[in-house]
Q: 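Sharing a structure here in structure tokens format.
Counting starts at 1 for both ligands and their atoms, following the listed order. The basis for the numbers below is simple: all heavy atoms, side chains too, and nothing from hydrogens, waters or symmetry mates.
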Amino acid sequence: MVFLQTTNNKRHTTTITMDRKILITGAAGFIGSHVIRLFVTKYPNYMCYNLDALTYAGNLENLKDICDLPNYQFIKGDITDTDFIEKLFQEYQFDGVIHLAVESHVDRSITDPLAFIRTNVLGTANLLNAAKNLWKDNMEGKRFYHVSTDEVYGSLGKEGFFTEKTPYDPRSPYSASKASSDHFVRAYFHTYGLPVVMSNCSNNYGANHFPEKLIPLSINNIKNNKPIPIYGKGENVRDWLWVNDHARAIDTIFHNGRLGETYNIGGHNEWTNIDLIRLLCKIMDKKLGRPEGTSEKLITFVTDRAGHDLRYAIDPTKLGTELGWKPSLQFAEGLEKTVDWYLENEEWLEHVTSGNYQTYYDKQYGNR
Ligand code: NAD
Ligand code: DAU
């Protein structure tokens, strides 16, 4: 399939041949920005459209190095707007979708669950419906990729791993909304034959992560000599994966994953929150030239998150054996790279922590 795409940006007007037209939703956010960068640079013959509503979590600064490429286009829009989404699909005739637009923060889902139901459930259903309507006469070569999370499987005890067969048991409004959207994706596969593929990934870390999440929030607080808030006793376990490795996995699954299947993505990298933060403190002391032990003094135990899942741990065997993916980076190296990125991108951090960030922070952490 070949499409002609005329680009008409500030620098040039040109006609290029495009093999595929891919809609990537939420690509101004953390993971989406890494995914779309990988796609526009690795596949110059794919036209990639970034559909994003630019909520507090969306930031076009994440994409300033690729925004002038002829195979990249930004579309500002809301996936919860049914008519808009329907018209967009009819107008652009996408033949692939990679869906990452989301309300992503568990703490915010506890204070405003309905926002999560709207975006994560209704928004996903709108995209599925528009894809079904556009592709109904010819599904050949089409693909709808839904990006999901390990949180849909619930909470593990000290032993065991989430596999693709683990029953769903979401426990926060965020994970319940993601689980619901996953069910709709499977329903569209079984009922309408929509060519879907899915993945459920563990916690990501890396550049451009919004500082409401544990790692970037702690980096920002350590830098500014502010307390590091650790929920409960810091004994909860998360399984961390470098965001660029997640993007590589999405590339692999989008192109080679079997239709109707889901793939768990993770790198066997479990950390209790307190051990992770202690490692981060050591790295920050070194990078900031502070005496060892300085940052650890900022650790402050605060009221636990309601319904706080104890442990997530992914078994990524299927993705490894079927599609040959494996993570590329060890955690200590990845965390150091991440710290370097935040220290080198002070302006980015300043921009995202101005405006409403402080209001959110004060509400969540009570002016600590
Ligand atoms: P994010 O919060 O950083 O980015 C979400 C993006 O979606 C933002 O750019 C935002 O502007 C956009 N968006 C929100 N509502 C929208 C709407 N109504 N219409 C259009 N755009 C909208 O999220 P993220 O961490 O990059 O997560 C992306 C995907 O990866 C999600 O599906 C999430 O469940 C999944 N995931 C995330 C992690 C993680 O650790 N962050 C791990 C596993 C899976
Ligand atoms: O597992 C994948 C999920 O990981 C994604 O689906 C979510 O979108 C993403 O936000 C992330 O969810 P978590 O709740 O695990 O991430 P968060 O960074 O918010 O918290 C990580 C752990 O740190 C968790 O146990 C809660 C704890 N925590 C978090 C914050 C923000 C603290 O102790 N203090 C904090 O201030």
Q: Please report whether ligand 2 has a polar contact with Arg305, defined as an N or O pair separated by less than 3.5 Å (distance criterion only).
A: yes
Q: Pull out every atom of ligand 2 sitting under 4.0 Å from any heavy atom of Tyr174, numbered as shown with elements.
A: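 In order of numbering, the contacting atoms are 5 (C), 6 (O), 7 (C), 8 (O).
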Q: Considering non-hydrogen atoms of the protein only, which is the closest contact for atom 33 (C) of ligand 1, and what is the distance?
A: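 Result for atom 33 (C) of ligand 1: Tyr174 OH, 3.6 Å.
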Q: Note the single closest protein heavy atom to atom 33 (O) of ligand 2, along with its residue, its atom name and the distance in Å.
A: Tyr231 N, 2.8 Å
Q: What protein heavy atom lies closest to atom 18 (O) of ligand 2? Include the residue and the distance to one decimal.
A: Leu214 N, 2.8 Å
Q: Identify, for atom 8 (C) of ligand 1, the protein heavy atom at the shortest distance, and state residue, atom and that distance.
A: Asp52 OD2, 3.6 Å
Q: What residue and heavy atom of the protein are closest to atom 34 (N) of ligand 2, and at what distance?
A: Pro229 O, 2.8 Å
Q: Less than 3.5 Å between some nitrogen or oxygen of Leu51 and one of ligand 1, yes or no?
A: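 By distance alone, the answer is no.
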Q: Under 4.0 Å, counting heavy atoms only: does Ala27 come that close to any atom of ligand 1?
A: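 No, Ala27 has no heavy atoms under 4.0 Å from ligand 1.
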Q: Is Arg248 salt-bridged to Asp251, going by a charged N under 4.0 Å from an acidic O?
A: no
Q: For the residue pair Ser181 / His146, report whether a side-chain donor-acceptor contact shorter than 3.5 Å exists.
A: yes
Q: Report yes if the side chains of Asn236 and Asp309 come closer than 4.5 Å at any heavy-atom pair, otherwise no.
A: no
Q: Below 4.0 angstrom from a heavy atom of Leu54, which ligand 1 atoms are there? Numbered from 1 as shown, please.
A: 11 (O)
Q: Looking only at distances, please establish whether an N/O atom of ligand 1 is found under 3.5 Å from an N/O atom of Thr80.
A: no
Q: May I ask you to list the atoms of ligand 2 that are less than 4.0 angstrom from any heavy atom of Thr149?
A: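 Every atom of ligand 2 under 4.0 Å from some heavy atom of Thr149: 1 (O), 2 (C), 3 (C), 5 (C), 6 (O).
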Q: Consider every N or O of Cys201 and every N or O of ligand 1, then say whether any pair is closer than 3.5 Å.
A: no
Q: Among all protein heavy atoms, pick the one closest to atom 36 (N) of ligand 1 and tell me residue, atom and distance.
A: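 Protein heavy atom at minimum distance: Ile31 CD1, 3.8 Å.
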Q: For the 3.5 Å polar cut-off, considering only N or O atoms, please tell me whether His209 and ligand 1 meet it.
A: no
Q: So is there a nitrogen or oxygen of Asp107 less than 3.5 Å from a nitrogen or oxygen in ligand 2?
A: no
Q: Output yes when the distance from some N or O of ligand 2 to some N or O of Ile215 is under 3.5 Å, and no in every other case.
A: no
Q: Output the list of atoms in ligand 2 that are nearer than 4.0 Å to some heavy atom of His105, sorted by atom number.
A: 19 (O)
Q: Taking N or O atoms only and a 3.5 Å limit, does Asn236 qualify as a polar contact for ligand 2?
A: no
Q: Should the proximity of Lys178 to ligand 1, defined as any heavy atom under 4.0 Å, be assigned to the side chain, the backbone, both, or neither?
A: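 It is the side chain that gets close, since no backbone atom is under 4.0 Å.
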Q: Pull out every atom of ligand 2 sitting under 4.0 Å from any heavy atom of Tyr312, numbered as shown with elements.
A: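 Result: 1 (O), 15 (O).
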Q: Quick check: Ile230 and ligand 2, any N/O pair under 3.5 Å apart?
A: no
Q: Should Phe39 and Tyr263 be counted in the same cluster of Ile, Leu, Val, Met, Phe, Trp and Tyr side chains packed under 4.5 Å apart?
A: yes
Q: Given that the side chain starts at C-beta and the backbone is N, CA, C, O, which of these parts of Thr55 lies under 4.0 Å from ligand 1, counting heavy atoms, or is it both or neither?
A: both
Q: Under a 4.0 Å threshold between the charged nitrogen and the carboxylate oxygen, would Lys286 count as salt-bridged to Glu336?
A: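 Looking at Glu336 and Lys286, the cut-off is met.
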Q: On the 0 to 90° scale, with breaks at 30° and 60°, tag the Tyr92-Phe94 ring pair as parallel, tilted or perpendicular.
A: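 Plane angle under 30°, so parallel.
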Q: Which of the atoms in ligand 2, numbered in the order shown and given with their element, are less than 4.0 Å from a heavy-atom of His308?
A: 24 (C), 25 (O), 26 (C)
Q: Kindly confirm or rule out an N or O of Ser202 lying under 3.5 angstrom from an N or O of ligand 1.
A: no
Q: Could an N or O of ligand 1 be found under 3.5 Å from any N or O of Phe30, whether backbone or side chain?
A: yes
Q: Looking only at protein heavy atoms, identify the closest one to atom 1 (O) of ligand 2 and say how far it is in Å.
A: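 Answer, as residue, atom name and distance: Asp150 OD1, 2.6 Å.
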Q: So, does Ser148 sit close enough to ligand 1 that a heavy atom of it is under 4.0 Å from the ligand?
A: yes
Q: Check ligand 1 against Asn203 and write out every atom of the ligand that is under 4.0 Å from a heavy-atom position of the residue.
A: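 Matching atoms, with element in brackets: 40 (O).
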Q: Would His99 count as being in polar contact with ligand 1, using the rule that some N or O on each side must be under 3.5 angstrom apart?
A: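 In this structure, His99 places no N or O atom under 3.5 Å from an N or O of ligand 1.
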Q: Can you get from Ile110 to Tyr231 by hopping between Ile, Leu, Val, Met, Phe, Trp and Tyr side chains that sit under 4.5 Å apart?
A: no
Q: Just going by heavy-atom distances, which of Val147, Ile215, Thr119 is nearest to atom 35 (C) of ligand 1?
A: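 Comparing heavy atoms across Val147, Ile215, Thr119, the nearest one to atom 35 (C) of ligand 1 lies in Val147.
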Q: Side chain to side chain contact (heavy atoms under 4.5 Å, CB included), that's the test. Do Val237 and Leu156 meet it? Break it down for me.
A: CA-CA 9 Å; Val237 175; Leu156 290 166; over 6 Å; no
Q: Side chains of Ile79 and His99: does their closest heavy-atom pair fall under 4.5 Å?
A: yes
Q: Quick check on contacts: which atoms of ligand 2 are under 4.0 angstrom from a heavy atom of Glu212?
A: 31 (C)
Q: Backbone or side chain, does any N or O of Ser104 fall under 3.5 Å from an N or O of ligand 2?
A: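 Yes - when backbone and side-chain N and O of Ser104 are compared with those of ligand 2, one distance drops under 3.5 Å.
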Q: Quick test: of every protein heavy atom, which one is nearest to atom 3 (C) of ligand 2, and how far off is it to 0.1 Å?
A: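 Sorting protein heavy atoms by distance from atom 3 (C) of ligand 2 puts Glu151 OE2, 2.9 Å first.
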Q: Using distance alone, decide if ligand 2 has a nitrogen or oxygen within less than 3.5 Å of any nitrogen or oxygen in Ser202.
A: no
Q: What atoms in ligand 1 come closer than 4.0 Å to a heavy atom of Ser104?
A: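 Reading through ligand 1 atom by atom, the close ones are 1 (P), 2 (O), 23 (O).
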Q: For Arg311 and Glu270: C-alpha separation, side-chain torsions, deciding distance, then whether salt bridge (Lys or Arg N to Asp or Glu O under 4.0 Å) applies.
A: CA-CA 9 Å; Arg311 174 171 166 256; Glu270 292 180 51; 2.7 Å; yes
Q: Counting from 1, what ligand 1 atoms have a heavy atom of Asp78 closer than 4.0 Å?
A: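 Listed by number with element: 17 (C), 18 (N), 19 (N).
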Q: Provide the number and element of each atom of ligand 2 under 4.0 Å from a heavy atom of Asn273.
A: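 Per the distance check, 22 (C), 23 (O), 24 (C), 25 (O), 27 (C).
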